Amino acid sequence: MTPDQARPAAPLLFVIGATGGGHRSAALAVSEALDRAYPGQFASVIHDALAGRGTPLRLRFVVSLYAPSIRLAPWLWGVSWRFSDRRWGLALVRRTAFGAVRGRVADAVSAHRPAAVVAFHGMVTWPAVLARQHARPGAPVITVVTDLVTTHRSWREPAVDRIVVPSSAVGRSCQADGMAPGQWTEIGLPVAADFAAGPLPERERRTLRRALGLSEDRFVVVVTGGAEGAGRIFRKATAIARRLDDISLVAICGHNELLRRRLTRTAPRYGGRLTVLGFVGNMADWMRCADVVVTKAGPGTIAEAACCGAALVLTSRVPGQEEGNAEFVVAAGAGRWAPRLPDLLTAVNELRRDPVILARMRAASARLARPDAAAAIARVVASMVNPELASADLASADLASADLASADLASADPGSAEPGSAEPGSAEPGRRERAGVGDRSEHARAGI
């Protein structure tokens with residue numbers, strides 16, 4: 001038995017909030033990445049401090065308003081978001097509507113005695129700092145930001161030990177707050193391993209479509225509104241199905257059961273071209289087989305679609321935290337912004353009829369992807385808990401670099417092949433491979 005196997009797993013507390021599905025998805029992705037990279041060394045506990053078991057009724061009621069407000073009255077959510085984004089507004093909200101969060105996080109820290117606390121929701125960052133000070137002095141507190149471009153002030157809590165940001169825009173916000181450059185790290189949004197596998201070749205996409213019950217040859221549009229099924233999906237899905245009669249349309253409703261039932265009742269009108277689903281566990285499959293994903297500008301959905309190489313048509317955004325996301329995607333060439341129904345129908349129709357533009361958009365979407373973000377965040381967490389792991393990771397990286405260099409030298413050895421035996425375009429394979437790695441890093445730095 002090795003010393004690592006003999007040592008008990010270090011407990012980690014991942015604190016989330018049930019406002020949308022992105023916070024839990026990010027926490028699960030990092031937890032799974034830790035298990036893959038450091039088997040048996042960490043034991044992650046995911047704790048919902050806003051709506052989990054034992055939450056006071058007042059706090060549970062406040063949190064329950066999130067889903068209906070972003071679906072039915074997004075302007076009202078925007079007002080509350082901007083109010084609490086002010087320094088005094090945030091202090092007031094923390095003491096009143098979210099006052100119970102402090103006790104919820106403190107109880108979890110006392111119960112689990114974690115080696116580190118990782119916050120996946122802005123409203124738990126300050127409570128995590130306070131709980132650490134009282135119950136686990138010395139344990140690092142790490143924030144993993146799950147908003148893409150525009151972040152609420154609560155995310156940028158300066159008292160945490162490290163903030164993992166998804167984009168340079170969020171990094172600039174940290175800098176504007178006066179944080180030292182080493183206090184935040186730009187890595188990307190963590191996605192589950194299912195998405196990290198990347199886009200499929202066309203032949204495999206056709207096979208997957210057949211397995212999912214879709215036509216292999218039809219243009220496939222997936223319409224989704226995140227875990228809450230937000231973004232007026234019914235109106236958009238039925239309009240696409242009615243106006244574009246030679247496509248396959250998949251409407252994924254998340255936890256919005258009312259929406260799923262309404263669409264299910266109307267689906268027979270479209271001759272089997274409309275597939276209606278609720279919350280699904282194989283979202284990566286649906287995105288990989290899609291030509292276009294129509295969705296609101298949610299950060300998690302954008303990151304997942306990019307990893308699957310799907311073109312995006314963004315139709316709405318939640319005021320506050322989703323502002324700037326559509327501009328980010330459009331500027332990268334990975335999608336279109338279509339806030340009105342005629343814009344949506346035009347965008348989907350153009351992409352359906354122009355495979356060249358569609359291919360370019362799908363390639364741009366794939367370039368935005370950061371499929372290794374969860375693994376990189378796992379390394380940050382592990383190294384802050386046990387610095388020896390950081391040294392081991394660095395040694396492994398150095399060994400991998402040395403192996404690559406050896407392979408390059410072997411491929412460059414004049415005696416390893418007959419003169420002129422290389423095919424055109426195949427010279428210097430080692431150098432071309434290094435360039436490819438460099439290119440991918442550039443894409444990652446500009447991605448999500």
Side-chain angles (χ1 to χ4, degrees), residues 12-20 22-24 26-27 30 45-52 54-56 58-60 62-63 65-66 77 80-147 150-166 170-171 173-180 182-185 320-321 377 380-381 384-385:
L12 301 174
L13 182 62
F14 288 4
V15 190
I16 67 168
T19 52
H23 308 287
R24 181 177 294 276
V30 176
V45 174
I46 298 178
H47 174 70
D48 185 351
L50 302 189
T55 303
R58 185 175 69 174
L59 177 57
R60 190 185 294 272
V62 170
V63 173
L65 296 176
Y66 174 76
W77 168 256
S80 64
W81 190 94
R82 288 181 172 82
F83 172 83
S84 61
D85 192 41
R86 297 180 173 92
R87 193 179 302 276
W88 61 269
L90 177 58
L92 179 61
V93 168
R94 280 173 169 168
R95 289 197 303 269
T96 55
F98 288 87
V101 176
R102 179 175 174 178
R104 293 273 297 150
V105 177
D107 290 346
V109 171
S110 297
H112 297 288
R113 309 288 295 172
V117 181
V118 187
F120 289 87
H121 193 287
M123 294 307 296
V124 305
T125 56
W126 176 239
V129 170
L130 295 177
R132 181 266 305 273
Q133 291 173 352
H134 288 90
R136 290 292 287 167
V141 176
I142 305 158
T143 297
V144 177
V145 179
T146 60
D147 288 334
T150 303
T151 54
H152 192 270
R153 181 181 294 274
S154 60
W155 280 113
R156 306 189 304 276
E157 171 54 54
V160 305
D161 298 285
R162 183 72 60 85
I163 301 177
V164 176
V165 303
V170 180
S173 295
C174 293
Q175 186 176 24
D177 287 347
M179 295 184 195
Q183 194 171 354
W184 77 86
T185 303
Q321 72 261 30
I377 295 170
V380 169
V381 174
M384 294 186 72
V385 172

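Below, each value reflects all heavy atoms present in this structure, side chains not excepted, and no hydrogens, waters or symmetry copies. Predicted model, so just to flag it, every value in this text is computed and none were measured. Numbering of residues begins at 1 and proceeds along the displayed sequence.
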Thr151 side chain to Asp147 backbone, donor-acceptor under 3.5 Å: no
Donor-acceptor contact present, side-chain Thr55 to main-chain Arg60, <3.5 Å: no
Euclidean distance, His134 NE2 relative to Leu130 CG, rounded to 0.5 Å: 7.0 Å
Carboxylate-amine/guanidinium contact Arg162 Glu157, below 4.0 Å: no
Heavy-atom donor-acceptor pair, Asp161 side chain to Val141 backbone, under 3.5 Å: yes
Aromatic contact, Phe98 with Trp126 (centres under 6.0 Å): no
Set of salt bridge (charged side-chain N to carboxylate O under 4.0 Å, His left out) partners for Arg104, sequence neighbours left out: none
Sidechain-backbone polar pair: His112 side chain, Pro114 backbone, donor-acceptor under 3.5 Å: no
Plane angle bin for Tyr66 and Trp77 - parallel if under 30°, tilted between 30 and 60°, otherwise perpendicular: perpendicular
pair Val109-Asp107: side-chain heavy atoms closer than 4.5 Å: no
Worked verdict on Trp155 versus Gln321 for side chain to side chain donor-acceptor pair (under 3.5 Å): CA-CA 11 Å; Trp155 280 113; Gln321 72 261 30; over 6 Å; no
NZ/NE/NH1/NH2 to OD/OE distance under 4.0 Å, Asp85 and Arg156: no
Val164 vs Thr143, side chain to side chain contact (heavy atoms under 4.5 Å, CB included): CA-CA, chis, key distance, verdict: CA-CA 6 Å; Val164 176; Thr143 297; over 6 Å; no
Parallel, tilted or perpendicular: ring planes of Phe120 versus Phe14, cut at 30 and 60 degrees: tilted
